[in-house]
Amino acid sequence: MTSHHPILIVDDDRALRATLSEQLQAGNEFAPTEAGTIAEAEAILAKGDQRFDAIILDVGLPDGDGRGFCARLRKAGMKIPIIMLTGSAEEQDVVRGLDSGATDYVAKPFRLAELLARLRAHLRNFESSEDAVLQIGPYTFRPAMKLLHEPVKNRRIRLTDKEAAILKYLYRAGGKSVGRQILLNEVWGYNAAVTTHTLETHVYRLRQKIEPEPNQARLLITEGGGYRLSQEATEPVA
């Protein structure tokens with residue numbers, strides 16, 4: 001699966017950031033962005049031109065305590081997973097980190113494979129939670145609720161389980177085309193009784209719901225023997 005989860009790494013250790021970035025990019029699964037201070041991280045988040053699916057945040061930063069920064073992000077409404085890194089594994093330190101709103105707390109030195117496994121687990125949990133909100137074109141998409149909301153028109157669109165699963169998978173593909181058979185396997189599983197006609201029927205019905213002109217699809221596009229969401233549809237929330 002090509003996911004390209006954008007991850008923000010906030011740590012003043014350049015060598016560690018470089019190693020983490022390299023490991024995150026391996027396999028084309030994550031797209032890391034680096035910040036060495038809280039100020040840099042705040043500037044990146046304030047731009048609003050890039051979404052992040054998770055944050056890896058060091059506790060000890062040159063311009064403040066990562067726990068305080070985490071608490072501010074939570075107070076501002078940020079729901080995505082935040083994994084905190086610390087040089088101390090003391091119970092009191094861990095409790096303080098979790099109390100600040102951290103999703104998880106990892107003590108240094110840590111095994112990269114374990115950190116990545118925890119990150120993947122938290123992303124899976126978040127995507128299936130009611131807090132997950134994705135932006136698809138003019139719609140905000142809540143996969144867990146199977147709901148699209150178009151704020152401009154104050155319109156809500158209910159999706160079926162399969163329609164929501166199709167949108168979610170295509171969104172995670174980052175605008176790249178996904179073959180029909182791959183999409184079938186991911187959404188329906190390896191069910192020999194399900195054919196590409198089933199998928200095409202669901203895509204047709206989905207277009208009737210989300211496309212202003214279903215016969216001239218601009219969001220859910222047929223391409224290269226499969227489907228993709230247009231670049232416009234996968235732009236981050238401003």
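This one's a predicted model, so the numbers in the text were calculated from it and none came from an experiment. Scope of the values below: all heavy atoms of this structure, side chains included, with no hydrogens, waters or symmetry mates.
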Next on the checklist: Using side chain to side chain contact (heavy atoms under 4.5 Å, CB included), reason through Leu20 and Leu115 one step at a time and then give a plain yes or no.
Outcome noted: CA-CA 10 Å; Leu20 279 175; Leu115 176 63; 3.5 Å; yes
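- Within the structure, salt bridge (charged side-chain N to carboxylate O under 4.0 Å, His left out) pairs that include any residue of residues 206-216 comprise Glu163-Lys209 (at least two apart or interchain).
- Within the structure, salt bridge (charged side-chain N to carboxylate O under 4.0 Å, His left out) contacts touching residues 134-153 (residues at least two apart or in different chains) are Lys146-Asp161, Glu150-Arg155.
- Looking at heavy atoms from C-beta onward, His149 lies in side-chain contact with Asn154 at the 4.5 angstrom threshold.
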Next on the checklist: Walk me through whether Leu167 and Leu134 qualify under side chain to side chain contact (heavy atoms under 4.5 Å, CB included).
Outcome noted: CA-CA 10 Å; Leu167 273 187; Leu134 310 178; over 6 Å; no
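- Side-chain contact between Leu148 and Thr140 is absent, with no heavy atoms from C-beta onward closer than 4.5 Å.
- Checked against salt bridge (charged side-chain N to carboxylate O under 4.0 Å, His left out), Arg120 has the following partners two or more places apart in sequence or in another chain: Glu29.
- Across Ala35 and Leu8, no two heavy atoms sit closer than the pair CB-CD1, 4.4 Å.
- Residues Gln23 and Phe30 fail the side-chain proximity criterion, which asks for heavy atoms closer than 4.5 Å.
- Remark: Arg156 pairs with no residue by the salt bridge (charged side-chain N to carboxylate O under 4.0 Å, His left out) rule, at least two apart or across chains.
- Looking only at side-chain heavy atoms (C-beta outward), Ile55 and Met78 come within less than 4.5 Å of each other.
- With contacts defined as side-chain heavy-atom distances shorter than 4.5 Å, the pair Arg67/Tyr105 qualifies.
- The two atoms that bring Ser21 and Glu34 nearest to each other are OG-OE2, 2.7 Å, heavy atoms only.
- Across all non-hydrogen atoms, the minimal contact from Ile221 to Ser230 is CD1-CB, 3.6 Å.
- A distance-only check finds no donor-acceptor pair linking the side chain of Tyr169 to the backbone of Glu186 [under 3.5 Å].
- For the pair Cys70 and Leu57, the minimum side-chain heavy-atom distance is below 4.5 Å.
- Of the inter-residue distances, the one linking Ile83 atom CD1 with Asp58 atom CG reads 13.0 Å to the nearest 0.5 angstrom.
- In this structure a side-chain-to-backbone donor-acceptor pair under 3.5 Å is missing from Ser100 to Gly68.
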Checklist entry - Can Glu40 and Asp12 be said to form a side chain to side chain contact (heavy atoms under 4.5 Å, CB included), step by step? => result CA-CA 11 Å; Glu40 287 179 18; Asp12 61 335; over 6 Å; no
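- Within the 4.5 Å cutoff, no side-chain heavy atoms of Pro81 are placed close to those of Asp104.
- Shown here is Phe110, whose CZ atom has more than 12 heavy atoms of other residues, nucleotides or ligands within 6.0 Å.
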Next on the checklist: One pair to check against side chain to side chain contact (heavy atoms under 4.5 Å, CB included): Thr33 and Ile9. What are the steps and the verdict?
Outcome noted: CA-CA 6 Å; Thr33 297; Ile9 304 171; over 6 Å; no
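- Residues Pro138 and Leu219 share a closest heavy-atom pair of CD-CD1, 4.1 Å.
- Counting side-chain heavy-atom gaps under 4.5 Å among Ile, Leu, Val, Met, Phe, Trp and Tyr, the cluster of Leu147 also holds Met145.
- Considering CG of Leu116 and CD1 of Ile56, their distance stands at 7.5 Å, rounded to 0.5 Å.
- For Arg14, there are no salt bridge (charged side-chain N to carboxylate O under 4.0 Å, His left out) partners two or more places apart in sequence or in a different chain.
- The environment of CZ in Arg158 is sparse: at most 12 heavy-atom neighbours from other residues, nucleotides or ligands sit within 6.0 Å.
- Remark: Leu206 CG to Tyr227 OH distance equals 10.5 Å, nearest 0.5 Å.
- Taking hydrophobic clusters as Ile, Leu, Val, Met, Phe, Trp and Tyr residues chained together by side-chain heavy-atom distances below 4.5 Å, Tyr204 does not share a cluster with Leu184.
- Salt-bridge check for Lys108 with Asp11: passed, with a basic side-chain N closer than 4.0 Å to an acidic carboxylate O.
- At a threshold of 4.5 Å between non-hydrogen side-chain atoms, the residues Leu119 and Leu24 count as touching.
- Atoms OG1 and CG, from Thr37 and Asp63 in turn, are 4.5 Å apart once rounded to the nearest 0.5 Å.
- What you find for Asp53 and Ile80 is that their closest heavy atoms are O-CB, 3.5 Å.
- Atom CZ of Arg218 is separated from atom CG of Leu229 by 15.5 Å, given to the nearest 0.5 angstrom.
- Note: Leu183 CG to Trp188 CH2 = 7.0 Å, rounded to the nearest 0.5 Å.
- What you find for Phe52 and Ile7 is that their closest heavy atoms are CD2-C, 3.7 Å.
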